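Worth saying up front: this structure is predicted, and the values here are computed from it rather than measured. For the numbers below, each heavy atom of this structure counts, side chains included, while hydrogens, waters and symmetry mates do not. Protein chains get the first letters and strands the later ones, always in sequence-line order, with residue 1 at the start of each.
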Protein chains: 2
Amino acid sequence: MAKIDEVAKAAGVSISTVSYALSGKRPVAKDTRERIEKAVRELGYSPNAGARMLAGDRTHIFALTEPLRTDTHAPTHMAFVLATAVAARRQGYDILLLTDEEARAGMSRVASSGLVDAILVLDVAPDDPRVPLARAIATPSVFIGVPDDNDGLVCVDLDFETAAAMAVDALADAGHERIALVGQTDIAYRSSNFPPRVRVAAERRAAERSLSLMFRSSGAVMVDPAATRRGVRELVDAGVTGLILHCAQEAHAAALDELAERGLSVPTDISVVAVGSSFDTAALPTAVDTIPLIPQASCDLAVELAMRSLGADRPEPGLHLIPPTYVGHGSLRRPAGPASS
Amino acid sequence: MAKIDEVAKAAGVSISTVSYALSGKRPVAKDTRERIEKAVRELGYSPNAGARMLAGDRTHIFALTEPLRTDTHAPTHMAFVLATAVAARRQGYDILLLTDEEARAGMSRVASSGLVDAILVLDVAPDDPRVPLARAIATPSVFIGVPDDNDGLVCVDLDFETAAAMAVDALADAGHERIALVGQTDIAYRSSNFPPRVRVAAERRAAERSLSLMFRSSGAVMVDPAATRRGVRELVDAGVTGLILHCAQEAHAAALDELAERGLSVPTDISVVAVGSSFDTAALPTAVDTIPLIPQASCDLAVELAMRSLGADRPEPGLHLIPPTYVGHGSLRRPAGPASS
DNA sequence: TTGAAAGCGGTACCAC
DNA sequence: GTGGTACCGCTTTCAA
C-alpha cells in the first residue's frame, strides 16, 4: 500500500508530477516519466481507490445489475457478465455486482453514494422495474437489451428483428413454404425482452413472404430437451421443411438430435438456421447456418456508450442495434430452380 | 447526491453528530437521532463512497474472484455468486467482480489500491494460482473451496469427505455390497477441488466397509446426459445396487431417467443417495436422499469469516468445514434383516 | 451529549 | 516541464 508521496520521493519529483505522469493529463519529460514508472513498479504502487474517487471525477467502477431470476439461463447469462467485465477492464473499469433483491435499492444506493460512474443493466424484461429507476437517478445507465418502454434510455442489443427477418428470408429464398420457429422457454416470452422480438419479427416477415410459420417452445421454465424433441417431431410431421432455432444450446442439440434420429439430414431433407445463438455453434452435432448473438459485441458497445456518457459526447438516447451477420455453414437447401423463381 | 453538511444543517446539528448517528459509534440523543434520520430520508442522503473509504478504515466492498473456465458449470457457479452477494449485502457490503484474465492481476490491484476489504475466492482448483497470490498480499482472503496446498489460508466448504463417507455408510448399512459413484465431468477432477475429495473419501470408506465401489463420470468437459445414461447402464449391468450421485442436476436427471427406463425402481431395485447437490433436488424425476451442498451456508460462513478477519478476532487459518446433513426421502432399501447383520 | 477540526491520499489549478 | 497546495466529503480525536 505505497502512497503517492513515497513514489514522488523515490523518483525525486513532486507529488503532482507523479499524478500527471500516471494520468497523462499533462506532458512529462521522458526521463522523469521513466524514473517515476520505475518507482511505481518497485514500490508496487497503485493509487488509493478511495482518494481517487474523492478527488477525481471518476470512480472507475461500473455497476452491473442482474435480476438473477430462477428461470435465467445461466450459461448465457454468464457469457454476458464475463464479456462485460472484460470490456470494462479494458477501459480501466471494475464491475460491481448488483443482484436481484438489491437490484432496485442497490441502483439508488450506488447512484447516491457516487460509488459507480455508470450502471449497466442486464437481463432486461419487457416491463422492467429498472426502467423508471434509471430515469430517476443521475447516474447514467446503459441497457443491454430493449425494454418495451425505452423512451430516453440508451439501449444496446443485436438487431433481433432484422436477424429474424433474415432467417425467414433465407428459408424463403431456399424455396421453403412451411417453416417453423423453435423458440425459447415459455416463460422467457414474458420475462425477457428478446424472445418475443424474434418471434414477432419472424411472424411478420413470414406473412410478408406468404409463408406458413409454426412455433414450438423449448420448455416451460427450464430448457426441456424431451419437450423440444417432441415439438420438432410435431413440426416435421406437419410438413415443415425449414427450421429457425432461437433457443439455448441444449435445445439446439435436442432439436438436431431429433432430426438425426428421424433420419432427416440437413440440408437435404430440412434446412436449419440458428438465430441469436450466443454459444459456440461449432459444438453442435450438426453444422448449421447462424445469425449469432455475440455477447462481446454487445458488451463492448455497452461499455463504450457508458464511457461516452461520462464525457462530452453523450450517446444519443435510443436503440443502438448491432447489425446481424449471416454465417453460412451449408445448412440451407439449394435455392429452388427456375421453375419457382 | 446530498452531502453530510446538508444533512447536518437540515437537522440543526454538527457534521460529526450526523456521522455518529449513522454509524452508531457514539450514543446520540433519541430526538437528535430522529431529526437526523428524517433529514437523511428527505434528502435521500447516502454517504459518499470515496470519502468514506478514504477517511474510514473500511471500503465496504469485497472482491469475488472467479476464473470462469469454459468447463465451469454455470448454474452451480451462479448459485454461489448469488449467495455470496446476498450474504455480503446483509453486512452492508458490495461485491466487486474479478474475472479470469484479470483474476491474478486484479487481486494485486484491488489489494494495493485498497479498493476492497477482503477477497472471496470462488471455484477453487486443486492447484490454484490464487493461493500464492493470497499469501503475498495484505488483504485478507477467504477461499470457498479447499486447494491442495492450503497452509495458512482460511477455507470454507462443506465437509465433502464426511459427506461421501456418510453416503457410503448409508448404502452399506442398507445391505448393499456393490455400489458406485456417478461423478462430475472428467475435467472437473482436475480443475476443481471437491470432486476428487468426494471420490477419494468414498473409495476409502468403501474399502473400510469392504464394499466394491465402481465409478462413472457424467461427461468429458460438459455434462453429457447420454454418456451418463450409458455409464449408469453399465453399472447396473455390473450388478451395482446402490448409487451415489455427485454430479450436476442434468446428470442426476439423466441417471434417474435411465433407471426408470430400465424398469428399476428406487428403492426397491436400487438405492440412490445424492451427495453435494446444490440445486433443488425436489425437481428431480425421482425423490432421492440427499446430503446437500447449500451455497448459502458456505457463502454466509465465508462472508462472516471475511468480516471477522477485518477486526480483532481473526478467524483461525485452516479449514472451516460445514458438517453435512443427511436428508432422507426414502430412496434407500430397507436395511438387511438379522441374517446379514 | 455534542461540536470543531485534523487528517485520509489523491487531483488539478495556479505559479514559476 | 515541474512544484506547491487547496480542495474532495467523510471519520474520528480532542475538547467542552
Original post:
When we call it a touch if two heavy atoms are under 4.0 Å apart, what does A:Ser23 touch: a base, just sugar-phosphate, or nothing?
Top reply: nothing
Can you say whether a donor on the side chain of [X] sits under 3.5 Å from an acceptor on the base of [N], or the other way round?
| X | N | value |
| --- | --- | --- |
| A:Arg33 | D:dG1 | no |
| B:Tyr45 | D:dC10 | no |
| A:Ser14 | D:dG4 | no |
| B:Arg52 | C:dG9 | no |
| A:Thr17 | D:dG3 | no |

**OP:** State, to the nearest 10°, the angle formed by the axis through the first five base pairs of the helix from C:dT1-D:dA16 to C:dC16-D:dG1 and the axis through its last five.
**Re:** 30°
Rounding to a whole Å, what distance do you find between [X]:[atom1] and [N]:[atom2]?
| X | N | atom1 | atom2 | answer |
| --- | --- | --- | --- | --- |
| B:Asn48 | C:dT11 | CG | P | 15 Å |
| B:Leu54 | D:dG9 | CG | P | 12 Å |
| B:Leu115 | C:dG9 | CG | C1' | 14 Å |

Original post:
Looking at residues at least two apart in the chain, or sitting in another chain, which of them share a ring pair (Phe, Tyr, Trp, His ring centres under 6.0 Å) with A:Phe80?
Top reply: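 Once residues adjacent in sequence are excluded, A:Phe80 has no partner under the ring pair (Phe, Tyr, Trp, His ring centres under 6.0 Å) criterion.
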Subject >> ring pair (Phe, Tyr, Trp, His ring centres under 6.0 Å) involving A:His320 - partner list, sequence neighbours excluded >> reply: none
